[in-house]
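Written below as structure tokens is the structure these notes are about.
Position 1 is the first residue of the sequence; numbering continues from there. Read the numbers this way: they start at 1 and go in the same order the structure lists the ligands and their atoms.
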Amino acid sequence: MQRELYRSRRMSLPAILGGEPVRKEPYPSWPIYDKREEELLLKALRSGRWSVGGKLQEEFERKFAEFQHAKHALLCVNGTAALKIALKAMGLKPGDEVIVPAYTFIATATSALDLGLRVVYADIDPESYTIDPESVRKLITEKTRVIIPVHVAGRPADLDALKEIAEERSLKILEDAAQAHGAEWRGRRVGAIGDAGIFSFYQSKNITCGEGGAITTNSDELADKIWSLRNVGRPRTGPWYEHRLYGWNYRITEFQAAVLLAQLERAPGLMERRERGARILDELLMQVDGIDPLKRDKRVTRHAYHLYIFKYDRREFSNLPKQKFVEALRAEGIPCSPGYRPLYDYPFLPSSSPLPNVEKASREEAVWIPQYVLLSEKRDLEDVQEAIEKIKRHADKIPR
Ligand SMILES: Cc1ncc(COP(=O)(O)O)c(C=O)c1O
């Protein structure tokens, strides 16, 4: 009897306080592959063209451009290099200014800093966590050249408002779509809605080959420059030792393209599953007071859901800080993260006075769940709700 009681107490206590976790089974693993990757990798191996001139690279570039509704897609080593190449191709010079959201991955800023550009931080919209166009407007100076909206989590930023500003002030837009493969803004896929866009194929990404990146654009002129910049400044046609631009060796290999081609074939089905998982999770989490899934803008006709983000309100959880809530949720077997810190936190990056919505999202509100969780079934997603409710019931007992 005593033991039964002890057992049920352990069952109902949060795992962070020594109880049983809600979930002991892992969520679907990522990355995934099957025979198709193996087949294409062998094809790459046997082709004898492992770098420049590889046919699978060309095939992927053609198919990925089509997938993203862009005229061109050009592969390179990673998303960070893609940002650097794109900014250089846009003709930016040291001292020119770029506006980035302070709520993003560090590479959005470091790629620009590497080129001697000045990085200026904009605030984010409190409902979408993407760059706030009104904040951008206030930061424009004579030196501003490019706005870099980041499609955080796979949700497109407000490209209508940003394009309007860019046109008014003769600025360029470089979409950081590192997390937004297949995402759509009013029926059009991201990446070439602005002047150019970049993607990452890092192993956590929805389409991956371990490490990789791509730049998309509708401009023939930019595409030629990008081709050259990633290939040590060589022209598309001409002798091997001719270098017309200051470029880099940021080329990818045929093996990565082989994996990417297989991943791209699987992408549409997985996109549907993530959307379905996100709808289920929205319904489940909306029932919990103090948890608010990010609202969906009607113009986002497809969310890539690289991440599922919800807002956490500590007031409904006995004032438990976000960081502790995330620790407690992880202990229950739910993969999650507190997400980005504001970029101005890092002492080696440009500083800024605190931006209110970036502060709130990063320090208090935003909780991220990785995309592979959305690939699971309804009963697996119910565990997320159950774990949160359990933590809530005992939040006053969790040490701060
Ligand atoms: C928003 C954003 N920008 C840029 C990058 C950089 O991509 P990579 O890691 O492939 O260099 C990432 C990748 O994590 C990202 O999430």
Side-chain angles (χ1 to χ4, degrees), residues 30-31 60 64 68 73-88 98-115 117 119 121-122 124-125 128-131 146-157 159 162 173-183 185 190-191 194 196-216 226 229-230 248-253 256-257 259-260 263 274 294 303-309 337-343 346 349 358 361-362 366 368-372:
W30 190 266
F60 179 79
F64 189 65
Q68 291 302 148
L74 295 111
L75 282 163
C76 66
V77 279
N78 53 48
T80 308
L83 281 161
K84 213 164 130 178
I85 295 169
L87 287 168
K88 181 102 190 250
V98 299
I99 300 177
V100 310
Y103 189 73
T104 181
F105 184 61
I106 194 166
T108 315
T110 54
S111 53
L113 294 168
D114 273 0
L115 295 174
L117 308 178
V119 167
Y121 300 123
I124 52 171
D125 174 86
S128 67
Y129 290 171
T130 56
I131 197 164
V146 176
I147 308 167
I148 311 187
V150 181
H151 304 320
V152 180
R155 161 204 286 261
L159 290 165
L162 293 166
I173 293 180
L174 171 58
E175 298 173 57
D176 183 337
Q179 306 179 354
H181 318 77
W185 179 255
V190 298
I198 71 96
F199 293 83
S200 166
F201 301 122
Y202 173 65
Q203 65 184 341
S204 66
K205 297 296 193 281
N206 297 12
I207 294 176
T208 176
C209 58
E211 294 284 0
I215 304 133
T216 44
I226 291 162
L229 287 168
R230 69 158 179 198
W248 308 276
N249 175 2
Y250 283 164
R251 297 181 307 249
I252 202 164
T253 71
Q256 286 149 292
V259 175
L260 284 175
Q263 298 267 315
R274 288 189 196 97
L294 285 192
H303 189 317
Y305 285 109
H306 174 58
L307 302 163
Y308 179 91
I309 303 184
S337 144
Y340 299 132
R341 287 167 58 190
L343 285 188
Y346 298 98
L349 294 185
V358 171
S362 57
W368 296 4
I369 293 186
Q371 51 89 11
Y372 55 82

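- The closest side-chain heavy-atom distance from Trp248 to Ile85 is below 4.5 Å.
- Looking at Val77, Asp176, Leu83, Val152 and measuring to atom 1 (C) of ligand 1, the nearest heavy atom belongs to Asp176.
- Polar contact check, Gly79 against ligand 1: a nitrogen or oxygen pair lies under 3.5 Å apart.
- A distance of 6.5 Å separates OG1 of Thr216 from CD of Gln68, quoted to the nearest 0.5 Å.
- Using a 4.5 Å cut-off on side-chain heavy atoms (C-beta onward), Leu260 and Leu75 make contact.
- Centroid-to-centroid, the aromatic rings of Phe60 and Phe201 come within less than 6.0 Å.
- The ligand atoms of ligand 1 that sit less than 4.0 angstrom from a heavy atom of Val150 are 1 (C).
- Per-residue contacts place Asn78 under 4.0 angstrom from the following atoms of ligand 1 (heavy atoms of the residue considered): 10 (O), 11 (O).
- You'll find the side chain of Ser204 reaches within 4.5 Å of the side chain of His306, heavy atoms only.
- Nearest protein heavy-atom neighbour of atom 2 (C) of ligand 1: Ala178 CB, 3.4 Å.
- For the pair Val77 and Ile252, the minimum side-chain heavy-atom distance is 4.5 Å or more.
- Protein heavy atom at the shortest distance from atom 16 (O) of ligand 1 is Gln179 NE2, 2.9 Å.
- With hydrogens left out, the protein atom closest to atom 14 (O) of ligand 1 is Lys205 NZ, 2.8 Å, a heavy atom.
- When heavy-atom distances to ligand 1 are checked against a 4.0 Å cut-off, Thr80 comes that close through both its backbone and its side chain.
- For atom 5 (C) of ligand 1, the nearest non-hydrogen atom of the protein is Phe105 CD2, 3.4 Å.
- Of all protein heavy atoms, the one lying nearest to atom 9 (O) of ligand 1 is Ser200 OG, 4.0 Å.
- Proximity of His151 to Trp185: side-chain heavy atoms (C-beta onward) are nowhere separated by under 4.5 Å.
- Put simply, CD1 on Ile148 and OG1 on Thr104 are 9.0 Å apart, with the number rounded to the nearest 0.5 Å.
- Set against the non-hydrogen atoms of Thr108, the atoms of ligand 1 under 4.0 Å away are 3 (N).
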